[in-house]
Amino acid sequence: MPSNNPVRVRFAPSPTGHMHLGSARTALYDYLLARQIGGQFILRIEDTDKKRYIPGAEDELMAGLHWLGINYDEGPDIGGPYGPYRQSERKEIYQEYVRRLVESGHAYYCFCTPERLERLHQEQMKQKLPLQYDGTCRNIPLEESDRRRAAGEPHVVRFRTPKDGSTTVRDLLRGDITVENRSLDDAILVKSDGWALYHLAAMVDDHLMKITHVIRGSEWLPTFPLHALIIRAFGWEEPEWAHLSVFLKPSGKGKMSKREAGDLLKDGYSIFIKDLEDLGYLPEAVVNWISLMGWSYDDHTEFFTLPDLVEKFSLRKLNPSPAAINFTKLDYFNGMHIRSLSLDDLARRIKPFFRKEGVQTDDETLLKISPLLQERMVTLDDAPYFGRFFFQDTVQPDPEDLVAKGLTPQESAELARRSYEILSGLSDFDSETIEPPMRAMVEASGYSAGQVFGILRVAITGQKVSPPLFESMAIVGRQKVLERIQAAIRILENMNSV
RNA sequence: GCCCCCAUGGUCUAGUGGUUAGGACACAGCCCUUUCAAGGCUAUAACAGGAGUUCGAGUCUCCUUGGGGGCACCA
């Protein structure tokens, strides 16, 4: 619910792997909420765990956001009034706040060794008991624990979870959730190396950074009550919470494994943002697609640009149930967004895909073929598939394809010769000039348009599937068209009838 | 084992007590058509199961089942 305060939301990923669709959606919703109410969107890096840190992950995150068009107002690279925006640079802040919790009795120092904890865990497993800390250090007087700490005894800090009663928290998607406090663990807030854990660091940062709405994954639902308890222990005001459902694999059965995610690539799909550009997807399409996984607008609108989404997004319409990833719908949206691109924009975007295929292009031709390619492309890398012949000096048609269905090579060659005659005698070489006499020739020949134009298509484009023939011919140009027909005639003449 | 969340066609979803259960993707067919598309039209297809509340339940309650998540000195 909008409050009187300006909306401030944060995207707080940890740099421990590739940015995927789930995090992109969370960031998108954050961004939309901030933009529509005129608030701020903050990027905060949660990198307190050095063991899991992956170099480059932070850059990939920022590149991914940038590619998607999701811009943030405050972050590690651009700064802001509430920095630093990397948790690894905020250690002292957490220490200060943890001490407050200890002194107010909401947290305590725990000297239990990992070995003892492991034995406890095993015992609880054996007895089929809930896996929780047993409270051994819960009642050590503060003076004593301070003394032991000063003496250098290894320790962590744990939250003193109430043992009686229950805790109710409110999620924007699910309403009130109540849990018995006895099912909550005395979670560790600070590790023995002095670094704060997520539970503490994120709550402190959200408060200090004046975050009003926390949008995060539903994997945080089980620890949600703990987080609320920590905030309440500080006496702070709680933000609004929205826990987004997870993404399931396309079958809808379970989350995608690392292995499955990797296998996707050979089908031209990926759940990693970094791969999507290379696969020929438009950021506009990706944004549109993920926006609709767990959110809806109304009955008849599904095509959205980022500005549309800013205008229409609403937390109220978020859906709590898990959604299966549907890549064919991404393909659909990609086609739609490709068709909504201006011609010069399209020309610019397909250029690298020709280059990747080793096809030399020129901007003028690129612009001319764009309208021809536009309505038949699903992904940007379809462009060289349909249009490489525009840029080649010669094409290499498959002789079999040159022979029209139901005709002999000789008959096909004859049709090609008649086409050559007409084409070479034309005053102009645009599609409007080419089409009428060619149709008349087909009419007179007694063959079908499909047969005759099929021969020419293969002869001129080197492929059975291509953009419209006459427009293509006009762009290829008379000289090359005639050369290619000539070459095709030679091939046909050298074939034996079957 | 314990805790939490979820449940409408194959998939994404609309629906907040009374609807012929709506839309989108995919699929099939038709139209258009020189190929492939795009576009238009049509069809197939869903309230997980069981109790209860109510005159009336997809919608509220409970149970079952199924799915998902969590139970780290990760986030």
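To find a chain, count down the sequence lines: A is the first, B the second, and so on, and within it residues start at 1.
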Quick one: is B/C4 close enough that its OP1 or OP2 comes under 4.0 Å of any side-chain N or O from A/Ser183? no
Looking only at B/C74, B/C36, B/C12, the nucleotide nearest the A/Val465 side chain is B/C36
Is there a residue in residues 15-30 of chain A whose heavy atoms reach under 4.0 Å of RNA chain B, and which residues are they? none
By the 4.0 Å heavy-atom rule, please label A/Cys110 as base, sugar-phosphate, or nothing. nothing
CG on A/Asp134 to SG on A/Cys112, rounded to 0.5 Å: 6.5 Å
Rounded C1' spacing from B/G9 to B/A43 in Å: 14 Å
Under the salt bridge (Lys or Arg N to Asp or Glu O under 4.0 Å) test, which residues partner A/Lys480, sequence neighbours left out? none
Is it the case that B/U16 (base atoms only) and A/Arg316 (side chain only) share a donor and an acceptor within less than 3.5 Å, ignoring hydrogens and angles? yes
Pair assignment for B/G52, Watson-Crick or G-U wobble, requiring both distances under 3.5 Å: B/C60
Given B/C6, B/A75, B/G39, identify the nucleotide with an atom nearest to the side chain of A/Arg339. B/G39
side-chain contact (heavy atoms from CB on, under 4.5 Å) involving A/Arg478 - partner list, sequence neighbours excluded: A/Leu426, A/Phe429, A/Leu482
Any strand is fair game: report the nucleotide pairing with B/C25 by Watson-Crick or G-U wobble, both distances under 3.5 Å, or none. B/G10
When you get a sec, tell me which of B/C6, B/A26, B/A37 is the closest nucleotide to the side chain of A/Glu375? B/A37
Please give the distance between the C1' atoms of B/U19 and B/C62 as a whole number of Å. 27 Å
With a non-hydrogen cut-off below 4.0 angstrom, is A/Phe470 in contact with a base, only sugar-phosphate, or nothing? base
What integer distance in Å separates A/Asp49:CG from B/C74:P? 5 Å
Report yes or no: is there a donor-acceptor pair, N or O only, under 3.5 Å between the side chain of A/Lys329 and the base of B/A26? no
For A/Tyr269, what residues pass the ring-ring contact (aromatic ring centres under 6.0 Å, His included) criterion, not counting sequence neighbours? A/Phe327
Under 4.0 angstrom, heavy atoms only, what part of the nucleic acid is A/Gly294 near: base, sugar-phosphate, or nothing? sugar-phosphate
Does this structure show an ion pair linking A/Arg232 with A/Glu238, if we count only N-O contacts that are shorter than 4.0 Å? yes
Have a look at A/Pro468 and say if it touches a base, only the backbone sugar-phosphate, or nothing, with a 4.0 Å heavy-atom cut-off. base
Where protein sits on nucleotides 65-72 of chain B, one letter per nucleotide: B base, S sugar-phosphate only, - none, heavy atoms under 4.0 Å: ---SBSBS
Got a sec, which residues hit ring-ring contact (aromatic ring centres under 6.0 Å, His included) with A/His20, two or more places apart in sequence or on another chain? none
Checking base pairs now: Watson-Crick or wobble, both atom distances under 3.5 Å. What partners B/C71? B/G1
Confirm from the modelled atom types if A/Ser192 and B/C73 form a donor-acceptor pair under 3.5 Å, side chain to base only. yes
List the residues meeting side chain to side chain donor-acceptor pair (under 3.5 Å) with A/Glu96, not counting sequence neighbours, and say none if there are none. none
Rounded to the nearest angstrom, tell me the gap between atom CD1 in A/Ile460 and atom C1' in B/U35. 13 Å
Shortest non-hydrogen contact from A/Tyr133 toward A/Arg116: CE1-NH2, 4.0 Å
Please determine if a side-chain N or O atom of A/Lys191 lies less than 4.0 Å away from the OP1 or OP2 oxygen of B/C74. yes
Is there any ring pair (Phe, Tyr, Trp, His ring centres under 6.0 Å) pair reaching into residues 152-173 of chain A, and which pairs are they, with sequence neighbours excluded? A/Tyr109-A/His155, A/Phe111-A/His155
Using the test side chain to side chain donor-acceptor pair (under 3.5 Å), find all partners of A/Arg388 that sit at least two apart in sequence or belong to another chain. none
Quick note, A/Thr328 side chain, CB onward, closest among B/C36, B/A26, B/A24 is B/A26
From the options B/G23, B/A75, B/A26, select the nucleotide whose nearest atom is closest to the side chain of A/Ser14. B/A75
Would you classify A/Pro467 as touching base, sugar-phosphate or nothing, given that sugar-phosphate means primed atoms plus P, OP1 and OP2, and contacts are heavy atoms under 4.0 Å? base
